[in-house]
Amino acid sequence: MMTVSAVNDMVIRFANVNGTGSASANEMFAKAIFRMGIPVSPKNIFPSNIQGLPTWYEVRVSEQGYLGRRDGVDLLVGVNPQSYAKDIASIKEGGYFVYDSTKKLHPDYVRKGIQYVGIPMMQMCMENYDNPRHQQLFKNIVYVGALVALLDIEIEVIQDIIRAQFSKKEKLIPPNFKALDLGYQYARSHFDCPLHIRLERRDNVGDQIMIDGNTATGLGAIYAGATVAAWYPITPSTSVVKAFETYVKKLRVDPETGKKKYAIVQAEDELAAIGMVIGATWNGARAFTATSGPGVSLMSEFLGLAYFAEIPVVLVNVQRGGPSTGMPTRTQQSDLLSSAYASHGDTKHVLLFPSTPAECFDMSVKAFDLADRLQTPVIMMSDLDLGMNSHMSPPLKWDDERKYDLGKVLNAEELEKIEKYGRYLDVDGDGICYRTIPGTHPTKGSFFTRGTSRDEYARYSEDGDVYQRIVDRLSKKWETAKSAVPVPEVYQEGSRSTQGIIFFGTSSYAALEALDLLKQQGIMLDAMRIKAFPFNSTVEDFIEVHEEVFVIEQNRDKQFRSLLVNELEVSPKKLSPILNYDGTPITADTIMQQIMHHLPASVSVVSSNHKSKTL
Amino acid sequence: MTFVKPAFRHPGLPKNKIGFRKADYEGAISTLCAGCGHDSISGAIIQACYEMAIEPHKIAKLSGIGCSSKTPTYFLGNSHGFNSVHGRMPSIATGANLANRDLIYLGVSGDGDTASIGLGQFCHVLRRNLNMVYIVMNNGCYGLTKGQDSATADFGSMSKEGSVNPFQPIDLVGLSLELGASFVARSFSGDKTQLVPLIKAAMSHPGFALLDILSPCVTFNNNTGSTKSYDYVRDHIEATSVLDFVPEKEEITVDYEEGTSSSVVMHDGSLIQLSKLSPHWNPTNRDSAVNRLQEAKAKGEILTGLLYIDPKSVELHQILDTVEKPLNTLREKDLNPGTSALEKINASFR
Ligand SMILES: Cc1ncc(C[n+]2csc(CCOP(=O)(O)OP(=O)(O)O)c2C)c(N)n1
Ligand code: SF4
């Protein structure tokens, strides 16, 4: 029989039951590989349910540092009989099925071409632990112990992780060690360890960290100086504000009085959440909210107000599968149009597309600066994959010299010098006007904020000319925004190719890997990773100079392509969509296959001498 | 069309103790229908702020959408205003107040704005005891969209076209008492004597202060059969008390008869003095306010005055335990934990 065989290159999948405490054991496993210096990328594939349903955790190990999802499971740990049939079918030819052999496996589940590694996990736990909950929990550690032997993980690394995890509940360390040892010894004495797939220490992670995007985003909001967070719970965005809260509690309490330099309000709904943000920023504080698709729908009316009344807003949209309540625990990039053009009338918003947790941090700081500078909503378009899964990421960085860009805000002395203040006067010709914060000056600088049309002095007006002047100025501001937002990253090797690829956000992991895979086939393509909307002028140039551009995105309706066509007025024929919208992160293989399928036979073939690109 | 008032002020006009004339508290000329109750309320707000000698820029006036919500343009021209979207003023006020606890937040809304589209936000801002004055200019109808019944229109009340309202009304006063509001009052736009001290007391109250003010819509709801018309309200009004508001440290000169009066000391030492018309009226007892309200309803009376006040009100900033300094004044050094903290955070993710 054939067996898969590889060192530091594999996909391990855990099939568990939601609510059985397997998550922390699975994370421990991923972390151990990371600590062995091997790049790793774990993903939770979970149901929109708290307990009882099947849940998966998938770990991709890639010495070369490919962190996107990859199809094909090399080893599956199956402890959920509910999903056995599907799980066993998902294993690659020659792969392994590690299962709980306490009960004999039903003959239906015997598949030729894969190898069965039965470990009587539950039986061992029953023999060694009394409490039923413990028996359940330690079963998870037993399989981790078995994997230590099967895959050749350094056991000390796992032990260190356990010690750190239970540093406050030391009593739990010995029983965890014991469970680890039970699995380890059983595997050692019953199977040839290690298997043909195994791990070996490397030095390929450098100073990187393993963190999820939502935590990095919450930290970004703290470093950006946000003092007001208003939110309403929705998967997968909830942990953004939770992270903000966890850290702000430690970092922003006045040491003398014990009082808080921040306010967090769980609003009654998304309408109120964004209303609070608008009220707070109108009044000169930095404020933000986080939500996902359905929340953005509810926030639309207020987003239009903030756009027209020119009030800064920072909104984090951690996208999930839509439409409606869609697939709440699956990932997509399908809120692009609804976010870019949220609300009625001629409205458009600045979007940022982070690809890594480090970028979630940087872009959330940037979002506050941009919102204040441009006096408009800025929406950070994260997604479930980036937000809720741990990713290997460059460490978060801050420059202590960095000052917040609060934009054009007049203080009392400045107001004093102005003859007649006009809130909506375009003094500098960049479309951005000067604002004042309530309470600044007793007689100067007050104005009326409203969602209705008004003149340069903020006076209500239904005069058509006045209205056009205002909305045209907003267009001018939009032009200004194009050079204020982060510029795209271009990947080009050697001379220019005739075809190009455009991608953004979390598709970047798979896209960069696909570029390498294509290169191995002798196909080299120029690529551009876009980081913001409105599109910087380089985007138009990139499309211009290529005959055909593949646009990679994770939605059905080619929304990003629509944005490009709509905003840049490029021919739709030039932009070929590469899509994945099944709710799982797009894979390099999907991208490569679709591109190969599309390419004319004449594309140049080059010798392959590849080195992977980084984000 | 924007109406601009002449800036000239007669130099001989009296000034309040911080040197402002009453005209300094006015706004643009009203574009509401002549005789609209809302304008009288604007007048009472101007009067109250002038008498209280509040610096105009220390007030932020916020509203939703509707004729009533337009009124902030017509008072306090030197204050920042925010005419937001329909029914969502409470969340704007919440954010604004969180950003700067030092201003006075005056919210103005209509009964449509509050009791229909904005009912959720109203309940929640009240529940959080946000430190604000919340005025409902209650005319039982939608003025701006031309007279449809609102959720506060009384059962059986007749519209201008003659249709009879078949639904029970939402009584914002009853609802507020039920939801635990810390200051609840009802008044009538035509009763300035009662209204001005009520507004003053509401402004001094640390927490959510509801003023439900009956404010007839002369254009769409001032007909016979309407229970929110001037005539109907005048005929059915029943004041609980006559109220005087005595600001902090001001000498108390008002006389009152023993047995029929009482006073409430507010957090800052100000005094609300009530000459009670209604026997056994205790404005600090929520249960008696609820009971009396029910009785009045049964008798067809419209009960006005300060119905309830919690002198121990704990407002949102106190609940959240935020710093005394307004959050919008904090800068990098107060807010940013710096690189060393971030390095530690990075280390915890290795
Ligand atoms: C989302 C939304 N729906 C509807 C409207 C239309 N609208 C404007 S004002 C109003 C009712 C106002 O009634 P009320 O709050 O009682 O104020 P009044 O005009 O009677 O003072 C409505 C329905 C709107 N502006 N926004
Ligand atoms: S329509 Fe009614 S509420 Fe509106 S301004 Fe006229 S009288 Fe007032």
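Throughout, a chain's letter reflects where its sequence line sits, starting with A, and its residues are numbered from 1.
With a threshold of 4.5 angstrom between heavy atoms, A:Phe302 approaches chain B through side-chain atoms but not through N, CA, C or O. Within the 4.5 angstrom heavy-atom criterion, no atom of A:Arg286 approaches chain B. Heavy atoms closer than 4.5 Å to chain B are found nowhere in A:Val277, neither backbone nor side chain. Only the side chain of A:Asp254 comes within contact range of chain B, with at least one heavy atom under 4.5 Å from a heavy atom of that chain. Proximity to chain B (any heavy atom under 4.5 Å) is shown, for A:Tyr404, by both the backbone and the side chain. Of the two parts of B:Pro90, neither the backbone nor the side chain holds a non-hydrogen atom closer than 4.5 Å to a non-hydrogen atom of chain A. For A:Ala230, no part sits under 4.5 Å from any heavy atom of chain B, backbone or side chain. Residue B:Leu342 touches chain A through both its backbone and its side chain, counting heavy-atom pairs closer than 4.5 Å. Interface residue A:Ile311: only side-chain heavy atoms are found under 4.5 Å from chain B. Only the side chain of A:Val265 comes within less than 4.5 Å of a heavy atom of chain B; its backbone N, CA, C and O stay farther away. Residue A:Asp463 does not touch chain B at all, counting heavy-atom pairs closer than 4.5 Å. Of the atoms belonging to A:Lys444, not a single heavy atom falls under 4.5 Å from chain B.
In this structure, A:His441 and B:His57 have side chains that are not in contact, with every pair of non-hydrogen atoms separated by 4.5 Å or more. Side-chain contact check for A:Pro438 versus B:Asn100: every heavy-atom pair is 4.5 Å or farther apart. No side-chain heavy atom of B:Thr73 sits less than 4.5 Å from a side-chain heavy atom of A:Arg459. B:Phe82 has its side chain within reach of A:Leu305: a pair of non-hydrogen atoms, C-beta onward, lies under 4.5 Å apart.
Taking chain B as the reference chain and counting heavy-atom pairs below 4.5 Å, the highest number among A:Thr452, A:Thr215, A:Ile274, A:Ile437 is found for A:Ile437.
Between the side chain of B:Asn346 and the main chain of A:Leu396, a donor-acceptor pair closer than 3.5 Å is present. Checking side-chain atoms of B:Asn336 against main-chain N and O of A:Tyr223 turns up a donor-acceptor pair under 3.5 Å. Counting only distance, with no hydrogens or angles, the side chain of A:Tyr247 and the backbone of B:Ile345 share no donor-acceptor pair below 3.5 Å. Distance alone, capped at 3.5 Å, places no donor-acceptor pair between the B:Arg88 side chain and the A:Ala272 backbone.
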Show the numbers, then the answer: is there a salt bridge (Lys or Arg N to Asp or Glu O under 4.0 Å) between B:Arg127 and A:Glu268? CA-CA 11 Å; B:Arg127 199 185 128 239; A:Glu268 56 271 32; 5.8 Å; no
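In summary, of the residues considered (B:Leu335, B:Val323, B:Thr322), a side-chain contact (heavy atoms from CB on, under 4.5 Å) with A:Thr227 occurs for B:Leu335 alone.
Using cut-offs of 30° and 60° for the angle between ring planes, the B:His80 and A:Phe447 rings count as perpendicular.
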